[in-house]
Amino acid sequence: MKKKHNALLSGPYLVWTAAFIVIPLILIVYYGFTDENHHLTLSNIAKITDPVTLKALFLSLLLSAMATVICLILAYPLAMILARMKNGASAIITTVFIIPMWMNSLLRIFAWQTLLERNGVINQVLSFLHLPPQHLINTPAAIALGMIYDYLPFMLLPLYNALTKLDWNVVNAAYDLGANRRQTFFKVIIPLTMPGIVSGITMVFVPALTTFVISDFLGGSKVLLIGNIIDQQFTQVGNWNAGSGLSLVLMIFILISMAVMQHYESDDEGVSSIL
Amino acid sequence: MKKFFTRLYVILIFILLYAPIAVLIAFSFNDSRTRAKWGGFTMKWYVQMFQDAEIMAALRNTLVLAFVSALIATVLGLMASLSLNRMKKRKRTIVLGILNIPMLNADIVTGISLMLVFIAFGQFLSQYGYTVVFGFGTVLLGHITFNIPYTVMSIMPRVQGINPSTYEAALDLGATRSQAFRKVVLPDILPGILSGFLLAFTLSLDDFVITHFIKGPGFDTLSTKIYTEVRKGIKPEMYALSTLLFAGVLLMMFGIEKGRNARKKSQQYH
């Protein structure tokens, strides 16, 4: 009786998981390793060595790594400031930094066009200050800015959560034992908030690496990321095999980044178990 | 001095996050079809957006999709959480790992894989004379799929926190299974269910990438509509609608916060 009950409970989502998570991934692998005549081939994977695609992949890796590091550097001090505020104030001010996410994200990225354009808001401010205008839009830097802007809350939230859970007595103990500010920060605060840092990094890096919207809106059609190439294969070229092959390559990078992060996370558990 | 820099820092990041939103709100009051120049203040887009059939259809699709997908994902997430809790640890880790794939994987890969599976289902069903039409149905299935891990994530900790003895005690005291569940278990996990639903609703509302690959022609949500409009110029009505939605969410959050405070206060007095 109890067994039957559990099967009724778990049946629907197990079927769902199989149909819409497992089979779809198997299909990507299938399409990625076959040609349009269903013959086994490696040519879809090999498409990554095409100069344009390879350049897009490198640019994606570079910009998403940059955006992740800058997000971390920007968000960590902010999270510390917020976490050390009085209880009520902290919650309200943190909400203030999350609220922008309620505006449609495509529109928010699009709005940066107006800020970065040749006659845009930023250049108008610059000319008002008698400074030379800058070429901002349709550059890799504009895309990196878009990534930082769009994913900063994803970095901020886990860091804030980790820092509010941090036992500040431990920090004070480090000071009492003669550690200076720097030592305390790098040897106590950072290791203790490592789970937050790790989840923040993955939450920024993966979407930044695979975006095609930000590069579409802020890179014009001049700067292509790997996401744009895959999107084109599916929506314009109609070559699903090539698109799947490139997606598989992309997934390898996602898996590598996750494995690296997992490694650091387990390291941290070692530290906290000693404490 | 340190306090000054702290303030300055918080304000600078605040400006970074709100500058684009300020721009969008300004556009919604701009009396000019192009965003290149300021044509004076107007409220007309707020009136005209209700007469734009395409925008209203996209709005309706977005809201219905968010509500229905969040609802079904919450039910499935609740069932999953309850049964996962009873599984052996090893099996649970594997199932949970697979369930979490859409949350960890890149949206573009999830979108593509769902597109491929809908095409494959279509080919399979065509043998029996059925077809899979890309549109509301496929998008709904996709949204439920990427919402489930988030509802499980919200509900699961609550289910694990339940003391199984209370449920058994209710049964011993003569409650039926469904009574024991509704009156003993459910109240404990309700906060998780609600926050899971809200999270799923918001994620569905804002999704673009997955919808982009599985929507098919002729069906649009607000996000996909904005994406196609960016190339030919966004209608000012869209800014007005987004500003209105943004203000709506803000008010709702303030309302919830106020309600919570009021309840806290009244609890203190009684």
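Labels below follow one simple rule: chain letters A, B, ... track the order of the sequence lines, proteins then strands, and each chain is numbered from 1.
- Interface residue A:Trp102: backbone and side-chain heavy atoms are both found under 4.5 Å from chain B.
- Put simply, of B:Leu114, B:Ile119, B:Ile108, B:Val23, the one with the most heavy-atom pairs under 4.5 Å next to chain A is B:Ile108.
- The heavy-atom pair separating B:His212 from A:Thr235 by the smallest distance is NE2-CG2, 3.7 Å.
- Here the CE atom belonging to B:Met238 is positioned 10.0 Å from the CG atom belonging to A:Leu106, to the nearest 0.5 angstrom.
- Heavy-atom pairs under 4.5 Å with chain A were tallied for B:Phe118, B:Phe14, B:Tyr227; the largest tally goes to B:Tyr227.
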Go through it in stages, so that I can follow the logic: the residues are A:Leu107 and B:Phe246, the test is side chain to side chain contact (heavy atoms under 4.5 Å, CB included), and I'd like the CA-CA distance, side-chain angles, deciding distance and then a yes or no.
CA-CA 12 Å; A:Leu107 274 183; B:Phe246 182 68; over 6 Å; no
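- A 6.0 Å sphere centred on CH2 of A:Trp240 holds no more than 12 heavy atoms belonging to other residues, nucleotides or ligands.
- Of the inter-residue distances, the one linking B:Leu17 atom CG with A:Met103 atom CE reads 13.5 Å to the nearest 0.5 angstrom.
- Only the side chain of A:Asp216 has a heavy atom closer than 4.5 Å to any heavy atom of chain B.
- Rounding to the nearest 0.5 angstrom, the gap separating the CD1 atom in B:Ile13 from the CG atom in A:Leu152 is 6.0 Å.
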Note to self: Under the criterion side chain to side chain contact (heavy atoms under 4.5 Å, CB included), I'd like the reasoning laid out for A:Phe20 against B:Thr110: C-alpha separation, chi angles, the key distance, then a yes or no.
What the structure shows: CA-CA 9 Å; A:Phe20 299 117; B:Thr110 307; over 6 Å; no
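- In this structure, A:Val96 and B:Tyr18 approach most closely via the heavy-atom pair O-OH, 2.5 Å.
- For A:Pro12, the parts lying near chain B are the backbone and the side chain together; criterion is any non-hydrogen pair under 4.5 Å.
- Counting heavy-atom pairs under 4.5 Å between each of A:Leu14, A:Leu25, A:Ile28 and chain B puts A:Ile28 at the top.
- Taking the six-membered ring where tryptophan is involved, the planes of A:Phe234 and B:Phe213 are perpendicular, since the angle between them exceeds 60° and thus also 30°.
- When heavy atoms are compared at a cutoff of 4.5 Å, A:Thr202 does not approach chain B at all.
- Counting all heavy atoms, side chain and backbone alike, A:Trp112 lies closest to B:Leu16 at CZ2-O, 3.7 Å.
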- Message: If you apply the rule side chain to side chain contact (heavy atoms under 4.5 Å, CB included), what do you find for A:Leu27 with B:Ser113, and how did you get there?
- Response: CA-CA 7 Å; A:Leu27 278 175; B:Ser113 69; over 6 Å; no
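- In this structure, chain B has no heavy atom under 4.5 Å from any part of A:Ile26.
- With a 4.5 angstrom heavy-atom cutoff, B:Ile101 touches chain A only via side-chain atoms.
- Interface residue A:Phe110: only side-chain heavy atoms are found under 4.5 Å from chain B.
- Contact annotation for A:Val22: only side-chain heavy atoms (C-beta onward) come within less than 4.5 Å of a heavy atom of chain B.
- In terms of heavy-atom pairs under 4.5 angstrom with chain A, the leader among B:Leu99, B:Leu78, B:Leu12 is B:Leu99.
- In this structure, CG in B:Leu222 is found 7.0 Å from CG in A:Asn104, a value given to the nearest 0.5 Å.
- Note: A:Pro24 leads A:Gly11, A:Ala19, A:Pro24, A:Ala111 in heavy-atom pairs under 4.5 Å with chain B.
- Environment of CZ in B:Phe181: crowded, with over 12 heavy atoms of neighbouring residues, nucleotides or ligands closer than 6.0 Å.
- Counting heavy-atom pairs under 4.5 Å between each of A:Asp150, A:Ile99, A:Leu250, A:Val206 and chain B puts A:Ile99 at the top.
- Options A:Pro77, A:Ser247, A:Pro153 differ in how many heavy-atom pairs under 4.5 Å they form with chain B, and the most are formed by A:Pro77.
- A side-chain donor-acceptor contact under 3.5 Å links B:Tyr9 to the backbone of A:Leu74.
- Residue A:Leu78 touches chain B through both its backbone and its side chain, counting heavy-atom pairs closer than 4.5 Å.
- Heavy-atom distances place no part of B:Val75 under 4.5 Å from chain A, backbone and side chain included.
- In this structure, chain A has a heavy atom under 4.5 Å from the side chain of B:Ala120, while its backbone stays farther away.
- Contact annotation for A:Thr114: both backbone and side-chain heavy atoms come within less than 4.5 Å of a heavy atom of chain B.
- Residue contact with chain A, scored on non-hydrogen atoms closer than 4.5 Å, involves the backbone and the side chain of B:Ala19 alike.
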May I have the step-by-step check of side-chain hydrogen bond (donor to acceptor under 3.5 Å, both in side chains) for A:Thr210 and B:Asp107, ending in yes or no? CA-CA 8 Å; A:Thr210 57; B:Asp107 280 357; over 6 Å; no
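- Between atom CZ of residue A:Arg84 and atom OG1 of residue B:Thr6 there is a gap of 11.5 Å, rounded to the nearest 0.5 Å.
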Problem - side chain to side chain contact (heavy atoms under 4.5 Å, CB included) between B:Phe146 and A:Ile21, intermediate numbers included - result: CA-CA 9 Å; B:Phe146 75 70; A:Ile21 298 176; over 6 Å; no
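- Residue A:Met203 does not touch chain B at all, counting heavy-atom pairs closer than 4.5 Å.
- Proximity to chain B is limited to the side chain of A:Tyr31, based on heavy atoms less than 4.5 angstrom apart.
- The structure places NZ of B:Lys3 at 12.0 Å from CD1 of A:Ile81, a figure rounded to the nearest 0.5 Å.
- The only member of B:Thr145, B:Ile148, B:Ile98 that meets side chain to side chain contact (heavy atoms under 4.5 Å, CB included) when paired with A:Thr17 is B:Ile98.
- Across A:Ile109, A:Ile230, A:Asp231, the residue that shares the most heavy-atom pairs under 4.5 angstrom with chain B is A:Asp231.
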